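Heads up: the structure comes next, in structure tokens.
Owing to the predicted nature of the structure, the values given are computational and were not obtained by experimental measurement.
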Amino acid sequence: MLVLLAITLVVIIVLGYYRSKVTQSQDNAEKAFWEKELAAGNTRRQDLEKLDYITIPLEQFPLGLNTDAEKELVALSKERIKNFQGLSNTELKLQYGTANLDELSSYESNFIRLQQVVLEYAKELCTADRRADAIHILEFMLQNGGDISGLYLELATLYQQEGCEEKVQHLFTTIDQNFAQGPNQSTAKRLKTQLEKYTIAKENMGEDLTL
């Protein structure tokens with residue numbers, strides 16, 4: 001009985017210790033957050049003219065389908081587009097000033113929309129039997145930090161159809177580059193797993209793979 005009581009007391013003490021450590025860690029994190037927010041609130045508006053914006057090279061893009069996706073690509077080419085992957089609103093305010101936050105958010109929204117439109121238009125190009133053109137615009141998007149899984153899977157499928165197996169291998173490196181600063185490591189891991197399935201399937205003669 002005394003042994004059981006002693007063990008119970010030890011367990012209670014240990015649990016109390018770890019609970020206090022967790023609470024302290026949470027308190028420290030909250031304190032650091034509000035200190036950062038205060039500093040961000042005092043950051044003056046920075047000049048946004050010299051940011052490295054994504055430019056859509058329409059003169060090099062495979063246009064001509066006259067679809068809604070194509071029209072939206074043309075419209076986006078006139079907007080400022082910027083990928084702020086991995087940066088929170090607080091960090092954006094710290095770097096560029098609170099007064100610029102709404103404007104910066106619109107640039108990020110344009111980036112997200114660009115990825116969606118590129119993927120949509122690439123599929124339309126494939127339907128029109130223009131796979132090479134679809135590969136071209138998908139590669140453009142990945143070169144500019146694309147982080148939507150559909151971009152990678154669509155491009156891997158096209159590489160498969162075109163017999164460009166070495167380019168599928170290069171997608172692993174692209175994933176590492178484009179997800180290096182973001183919190184979506186689980187997405188990167190999942191994408192790599194799917195691409196690994198692809199390479200294994202290609203080694204097995206006659207096996208078909210659907211990504």
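- Taking both residues in full, the closest heavy atoms of Ala188 and Ile175 are given as CB-CG2, 3.8 Å, listed atom of the first, atom of the second, then distance.
- Counting only distance, with no hydrogens or angles, the side chain of Glu120 and the backbone of Gln116 share no donor-acceptor pair below 3.5 Å.
- Using a 4.5 Å heavy-atom threshold, the side chains of Lys123 and Glu154 count as touching.
- With hydrogens and angles ignored, the 3.5 Å screen pairs a side-chain donor or acceptor of Tyr152 with a backbone N or O of Gly146.
- Within a 6.0 Å radius of NZ in Lys82, other residues, nucleotides and ligands contribute more than 12 heavy atoms.
- Atoms CD and CD1, on Gln161 and Ile135 in that order, are 8.5 Å from each other to the nearest 0.5 Å.
- Residues in residues 128-151 take part in these ring pair (Phe, Tyr, Trp, His ring centres under 6.0 Å) pairs, two or more places apart or across chains: Phe61-Phe140.
- Counting only distance, with no hydrogens or angles, the side chain of Gln85 and the backbone of Asn178 share a donor-acceptor pair below 3.5 Å.
- Between Gln177 and Leu142 there is no side-chain heavy-atom pair separated by less than 4.5 Å.
- Between atom CD of residue Glu162 and atom NZ of residue Lys167 there is a gap of 9.0 Å, rounded to the nearest 0.5 Å.
- The environment of Asp52 atom CG is sparse: at most 12 non-hydrogen atoms of other residues, nucleotides or ligands sit within 6.0 angstrom.
- In this structure, CG on Leu158 lies 11.0 Å from CG on Asp133, to the nearest 0.5 angstrom.
- In this structure, CG on Leu114 lies 4.5 Å from CD1 on Ile56, to the nearest 0.5 angstrom.
- Although no hydrogens or angles enter the test, the distance criterion places no donor-acceptor pair under 3.5 Å between the side chain of Gln169 and the main chain of Glu166.
- Across all non-hydrogen atoms, the minimal contact from Val168 to Ala156 is CG2-O, 4.2 Å.
- Listed here is the closest heavy atom pair of Gln95 and Leu87: NE2-CD2, 3.8 Å.
- Listed by chain and number, the residues in a side chain to side chain contact (heavy atoms under 4.5 Å, CB included) with Ala128 are Leu65, Arg130 (sequence neighbours excluded).
- Taking all atoms of both residues into account, the shortest heavy-atom contact from Glu70 to Gly64 is OE1-N, 2.8 Å.
- Partner of Asn100 under the side-chain hydrogen bond (donor to acceptor under 3.5 Å, both in side chains) criterion, chosen from Lys93, Gln46, Arg45: Arg45.
- Residues Lys71 and Asn66 meet the side-chain proximity criterion, which asks for heavy atoms closer than 4.5 Å.
- Using a cutoff of 4.0 Å between basic side-chain nitrogens and carboxylate oxygens, Arg113 and Glu72 are scored as salt-bridged.
- Ala134 and Ala122 get closest at one heavy-atom pair: CB-O, 3.5 Å.
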List the atom pairs, with distances to 0.1 Å, where a side-chain N or O of residues 102-112 and a protein N or O form a donor-acceptor pair under 3.5 Å, not counting sequence neighbours.
residue: Glu103; atom: OE2; partner: Tyr107; partner atom: OH; Å: 2.4
residue: Ser105; atom: OG; partner: Leu101; partner atom: O; Å: 2.9
residue: Ser106; atom: OG; partner: Glu103; partner atom: O; Å: 2.5
residue: Tyr107; atom: OH; partner: Arg80; partner atom: NH1; Å: 3.2
residue: Glu108; atom: OE1; partner: Phe84; partner atom: N; Å: 2.7
residue: Ser109; atom: OG; partner: Ser105; partner atom: O; Å: 3.0
residue: Asn110; atom: ND2; partner: Arg80; partner atom: O; Å: 2.8
residue: Asn110; atom: ND2; partner: Ser106; partner atom: O; Å: 3.3

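- The closest side-chain heavy-atom distance from Leu153 to Leu191 is below 4.5 Å.
- Side chains of Asn144 and Ile81 form no contact here, defined as non-hydrogen atoms less than 4.5 Å apart.
- The two residues Pro62 and Tyr121 come nearest to each other via the heavy atoms O-OH, 2.9 Å.
- Asn89 contributes atom CG, which lies 11.5 Å from atom CG of Leu94 (distance to the nearest 0.5 angstrom).
- Lys78 contributes atom NZ, which lies 12.5 Å from atom CG of Leu73 (distance to the nearest 0.5 angstrom).
- Side-chain atoms of Gln115 do not come within 3.5 Å of backbone N or O of Met141 as any donor-acceptor pair.
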